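Excluded from the calculations below are hydrogen atoms, water molecules and symmetry mates; all remaining heavy atoms, backbone and side chain alike, are included. Numbering starts at 1 and runs along the sequence shown. Everything numeric here is computed off the predicted structure, so don't read it as measured data.
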Amino acid sequence: MTKPQFTTDHIYHLYNRGVEKRDIFLNKQDYLRFIDDLFEFNDREAALPSNVRFILRKPRGVTEHHLRHCLEVQPLNRKLNHIGTKHLVEILCYALMPNHFHLMVRQLQDGGISKFMQKLGTGYTMYFNQKYERVGGLFQGGFKAKSLERDAHFLYLPYYIHFNPLDLSMPSWRDGLLRNYQKAMNFLDTYRWSSHLDYAWKKNFPSIISTSFLKDFLGQPSRYRKSCNELLVSLSLEEIQDVALD
């Protein structure tokens with residue numbers, strides 16, 4: 001797949017999966033590490049040191065409490081209000097699945113997406129390979145990307161990304177055959193590894209994403225949740241098949 005030419009201030013859907021479709025997240029700590037990387041590597045400069053951040057020498061040594069402190073407390077003082085900080089991209093929404101991930105991002109500076117994805121892929125692969133005593137590439141080649149151009153992309157792609165975790169328990173949603181919508185919403189409301197919660201009703205990892213742009217399309221939590229229920233019934237994947245990236 002040929003990548004689009006990345007333009008500053010434009011929005012893209014990014015996707016990558018494990019080599020040979022292998023799982024890239026084997027447990028909760030792996031998801032948390034990737035979440036941490038989404039924050040730490042979104043900077044023009046090298047990742048800042050932190051005594052609560054995962055380190056390669058002891059990849060099993062950090063606790064969820066340490067990470068949440070790093071993501072939810074320190075960033076407000078350490079990065080977001082730091083005059084010298086230069087973010088590479090603005091992450092609008094995301095979903096992490098056992099063997100792949102989706103990101104919807106706006107490029108904030110020339111070359112921002114390419115640099116961010118290079119840092120993210122290299123950093124997480126180094127962590128994963130050391131933790132699980134393996135060598136070689138973790139991801140299936142370079143990341144895939146599609147430029148978002150139409151209103152339908154902004155209206156429906158975030159729901160598609162947030163609904164992806166339903167593949168783990170209710171894959172029939174893709175065929176419009178889902179019947180227990182409350183069960184589906186309950187599942188999404190307890191799945192921590194996406195930005196669904198940040199739009200639906202609570203802050204999950206608030207330092208990772210910016211919600212202001214998409215709220216113009218998705219609305220406040222009550223409207224977003226109502227749309228979730230409606231689109232679990234009627235989401236037409238044809239509207240976004242040109243940018244869905246699976």
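Residues L103 and F116 form a side-chain contact, since some pair of their non-hydrogen atoms from C-beta on lies under 4.5 Å apart. Looking only at side-chain heavy atoms (C-beta outward), L26 and F128 come within less than 4.5 Å of each other. No side-chain heavy atom of I11 sits less than 4.5 Å from a side-chain heavy atom of H153. By the 4.5 Å heavy-atom criterion applied to side chains, E40 and K119 are not counted as neighbours. Looking at heavy atoms from C-beta onward, L92 lies in side-chain contact with E90 at the 4.5 angstrom threshold. The shortest side-chain heavy-atom distance between F213 and L218 does not fall under the 4.5 Å cut-off.
Across C228, P158, C93, a single residue satisfies side chain to side chain contact (heavy atoms under 4.5 Å, CB included) together with H196, and that is C228. A ring pair (Phe, Tyr, Trp, His ring centres under 6.0 Å) with F25 is found for exactly one of W193, Y124, Y132, namely Y124.
Looking at every heavy atom in both residues, L232 comes nearest to A184 through CD1-CB, 4.0 Å. When every heavy atom of S194 is checked against every heavy atom of N204, the shortest pair comes out as O-ND2, 3.6 Å. The minimum heavy-atom distance linking I91 with Y94 is given by the pair CG2-CD2, 4.4 Å. When every heavy atom of R17 is checked against every heavy atom of H100, the shortest pair comes out as CB-CB, 3.4 Å. Taking both residues in full, the closest heavy atoms of D189 and A200 are given as OD1-CB, 4.4 Å, listed atom of the first, atom of the second, then distance.
Under the 6.0 Å distance and 45° angle rule, K3 counts as a cation-pi partner of F143.
Residues L108 and F6 do not share a hydrophobic cluster, clusters being chains of Ile/Leu/Val/Met/Phe/Trp/Tyr side chains in contact below 4.5 Å. Criterion: ILVMFWY side-chain heavy atoms under 4.5 Å apart, direct or through other members. Under it, M117 and V19 are not part of a common hydrophobic cluster. Under the 4.5 Å side-chain heavy-atom criterion for grouping Ile, Leu, Val, Met, Phe, Trp and Tyr, L168 is not connected to L197 through any hydrophobic cluster. Residues L166 and W201 do not share a hydrophobic cluster, clusters being chains of Ile/Leu/Val/Met/Phe/Trp/Tyr side chains in contact below 4.5 Å.
M104 CE to K146 NZ: the interatomic distance, rounded to the nearest 0.5 Å, is 15.0 Å. F34 contributes atom CZ, which lies 10.0 Å from atom CZ of F41 (distance to the nearest 0.5 angstrom). Here CD1 of I113 is found 6.0 Å from OH of Y12. Values are rounded to the nearest 0.5 Å. Rounding to the nearest 0.5 angstrom, the gap separating the CG atom in L88 from the CD atom in E45 is 9.5 Å. For the atom pair CG (N42) and CD1 (I209), the distance works out to 12.5 Å, reported to the nearest 0.5 Å. Separating the CG atom in L14 from the NE2 atom in H102 is a distance of 11.0 Å, to the nearest 0.5 Å.
Remark: the T122 side chain and the Q118 side chain contain an N/O donor-acceptor pair separated by less than 3.5 Å. Between the side chains of S147 and E149, at least one donor N or O sits under 3.5 Å from an acceptor N or O. With hydrogens and angles left out, the side-chain atoms of Q29 and K131 include a donor and acceptor closer than 3.5 Å. No donor-acceptor contact under 3.5 angstrom links the side chains of Y127 and D36, judged on distance only.
Heavy atoms of other residues, nucleotides or ligands lying less than 6.0 angstrom from NZ of K21 number 12 at most.
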In sequence, state the C-alpha distance, the side-chain angles, and the governing distance for Y159 and Y156, and then conclude on ring pair (Phe, Tyr, Trp, His ring centres under 6.0 Å).
-> CA-CA 5 Å; Y159 293 101; Y156 300 122; 7.4 Å; no
Would you please test H13 and Y15 for ring pair (Phe, Tyr, Trp, His ring centres under 6.0 Å) and show each step?
-> CA-CA 7 Å; H13 178 199; Y15 167 92; 7.0 Å; no
